[in-house]
Amino acid sequence: METYAALLIPALLAVVLIRALILPIRLGLKIAAYSACGFACLWLLNLTAPFTGVSLPVNAVTVLVAGFLGLPGIGVMALLAVL
């Protein structure tokens with residue numbers, strides 16, 4: 001019975017450690033994916049700027065807002081740019 005406990009405790013600690021290390025990586029990948037989508041949306045919006053007159057700068061703040069808030073975020077930023 002003692003050998004099972006001697007093997008179980010390090011195995012559980014290894015699982016907890018691996019899960020603790022994977023969580024920040026997963027969060028970073030999610031932020032990167034949202035940022036890529038936000039960048040693509042802002043790029044498409046800026047392609048239509050000669051026709052619409054609305055263009056937004058592509059920087060870290062606008063990309064993250066566009067990525068996390070999606071089309072409503074882009075709409076609010078565009079309204080703020082026009083005003």
CG (Leu42) and CG (Asn46) are apart, to the nearest 0.5 Å, by 6.5 Å

Could you list the cluster mates of Leu13? Members are the ILVMFWY residues connected by side-chain heavy atoms closer than 4.5 Å, either directly or through other members. Ile9

Contacts under 3.5 angstrom, residues 19-34 side chains, donor-acceptor by atom type, not counting sequence neighbours:
none

Got a list of side-chain donor-acceptor pairs under 3.5 Å for residues 61-83, not counting sequence neighbours?
from: Thr62; atom 1: OG1; to: Pro57; atom 2: O; distance (Å): 2.8
from: Thr62; atom 1: OG1; to: Asn59; atom 2: N; distance (Å): 3.1
from: Thr62; atom 1: OG1; to: Asn59; atom 2: O; distance (Å): 3.2
from: Thr62; atom 1: OG1; to: Asn59; atom 2: OD1; distance (Å): 3.1

